[in-house]
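Working notes, beginning with the structure itself.
Computed from heavy atoms alone, side chains included, the values below leave out hydrogens, waters and symmetry copies.
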Amino acid sequence: MLVQERAAAIRLLIIDIDGVLTSGLIYYGSNQLEIKAFHVHDGLGLKLIQKSGIQVGVITAKKSEAVTRRLNDLGIEHAYCGYEDKRPAYEDIKKRLQLSDEEIAYMGDDLPDLPILMRVHLALTVPQAHELVKQHAHYITKKNAGNGAVREACELIMKAQLTYDHLIKTYLHSPS
């Protein structure tokens with residue numbers, strides 16, 4: 001099955017954070033300060049895909065104030081933080097939204113992501129991913145993690161569902 005055919009069936013995109021939405025680097029400062037960098041292109045991609053009718057979820061092993069803040073800024077309601085074993089979170093979101101594996105895309109980069117990547121209809125990853133993850137991915141982005149890879153995945157899904165061009169036209173024709 002072609003990647004575009006898989007993408008056309010998606011109703012939910014779930015992403016990992018570290019190594020997907022970020023470069024994977026974590027900066028620690030004094031007083032428990034944790035700094036993560038998020039690319040604005042990825043953020044707009046997540047907003048656009050939500051406008052196109054696709055639900056967005058996050059499953060990540062770490063709990064982080066920076067991540068919580070970013071997810072709130074992006075309007076992502078389905079956030080599961082602190083799940084080293086991501087399978088229970090996956091089952092919960094799937095049940096809550098009454099979806100099947102065939103309606104879900106997952107984007108991850110490392111071994112904890114493999115059990116979900118091997119189940120979903122569209123498995124996405126980044127060039128820096130672990131080799132086993134890349135072997136099980138249906139699509140590897142051209143953009144790097146934390147630098148537009150999530151936007152690329154969002155656009156792939158929207159283009160397959162023929163919603164991308166309409167969303168772009170709303171930006172071109174919106175009043176300044």
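Distance alone, capped at 3.5 Å, is enough to place a donor-acceptor pair between the Gln161 side chain and the Ile10 backbone. The closest donor-acceptor contact from the side chain of Arg6 to the backbone of His121 lies under 3.5 Å. With hydrogens and angles ignored, the 3.5 Å screen pairs a side-chain donor or acceptor of Thr125 with a backbone N or O of Gly108. No donor-acceptor distance shorter than 3.5 angstrom exists from the side chain of Lys134 to the backbone of Ile140, with no hydrogens or angles considered.
Side-chain contact of Asp109 with Gln128: a donor-acceptor pair under 3.5 Å is absent, judged by distance alone.
When hydrophobic side chains of Ile, Leu, Val, Met, Phe, Trp and Tyr are connected at separations under 4.5 Å, Ile26 ends up clustered with Tyr28. Other members of the hydrophobic cluster containing Leu111, listed by chain and number, are Leu12, Ile14, Ile59, Tyr80, Tyr83, Tyr90, Ile93, Leu97, Leu99, Ile104, Tyr106, Leu114, Ile116, Leu117, Met118, Val120, Leu132, Val133; membership follows side-chain contacts under 4.5 Å among ILVMFWY residues, whether direct or relayed. Applying the under-4.5 Å side-chain rule to Ile, Leu, Val, Met, Phe, Trp and Tyr, the cluster around Leu162 consists of that residue alone.
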Which pairs would a plain distance check flag for residues 47-54, meaning a side-chain donor or acceptor within less than 3.5 Å of a matching protein atom at least two apart in sequence or in another chain?
from, atom 1, to, atom 2, distance (Å)
Gln50, NE2, Leu46, O, 3.1
Gln50, NE2, Leu74, O, 3.1
Ser52, OG, Ile49, O, 2.7

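Residues passing the side-chain hydrogen bond (donor to acceptor under 3.5 Å, both in side chains) test with Ser100, sequence neighbours excluded: Glu102, Glu103. Here Gln55 pairs with His78 under the side-chain hydrogen bond (donor to acceptor under 3.5 Å, both in side chains) rule; sequence neighbours left out. Every residue meeting the side chain to side chain contact (heavy atoms under 4.5 Å, CB included) condition with Leu25, not counting sequence neighbours, appears here in chain and number order: Ser23, Tyr27. For His39, the side-chain hydrogen bond (donor to acceptor under 3.5 Å, both in side chains) partners two or more places apart in sequence, or in a different chain, are Asn147. For Ser64, the side-chain hydrogen bond (donor to acceptor under 3.5 Å, both in side chains) criterion is met by Glu34, not counting sequence neighbours. Evaluation of the salt bridge (charged side-chain N to carboxylate O under 4.0 Å, His left out) rule for Asp18 yields Lys36 as partners, not counting sequence neighbours.
Contact record, Asp42 with Gly146: OD2-C, 3.9 Å, taken as the closest heavy-atom pair. The nearest pair of heavy atoms linking Ala145 to Gly19 is CB-O, 3.0 Å. Pairing each heavy atom of Ile157 with each of Ala105, the nearest pair is CD1-CB, 4.2 Å. Across all their heavy atoms, Met107 and Ala153 have their closest contact at SD-CB, 3.8 Å. When all heavy atoms of Ile76 and Gly57 are compared, the closest pair comes out as CG2-CA, 4.3 Å.
Residue His41 places its NE2 atom among 12 or fewer non-hydrogen atoms of other residues, nucleotides or ligands, all under 6.0 Å distant. Residue Glu5 places its CD atom among more than 12 non-hydrogen atoms of other residues, nucleotides or ligands, all under 6.0 Å distant.
Among residue pairs with one or both ends in residues 82-93, those qualifying as salt bridge (Lys or Arg N to Asp or Glu O under 4.0 Å) are Asp16-Lys86, Asp85-Arg87, Lys86-Asp113, Glu91-Lys94, Glu91-Arg119, Asp92-Arg96; sequence neighbours excluded. Residues in residues 135-163 take part in these salt bridge (Lys or Arg N to Asp or Glu O under 4.0 Å) pairs, two or more places apart or across chains: Arg151-Glu155.
Taking the side chain as every heavy atom from C-beta outward, Ile17 and Val58 approach each other to under 4.5 Å.
Gln4 contributes atom CD, which lies 10.0 Å from atom CG of Leu122 (distance to the nearest 0.5 angstrom). To the nearest 0.5 Å, atom CE of residue Met158 and atom NE2 of residue His166 are 12.0 Å apart. The distance from the NE2 atom of His138 to the CG atom of Leu2 is 11.5 Å, given to the nearest 0.5 Å. Annotation: the span from Glu65 atom CD to Thr68 atom OG1 amounts to 7.5 Å, rounded to 0.5 Å.
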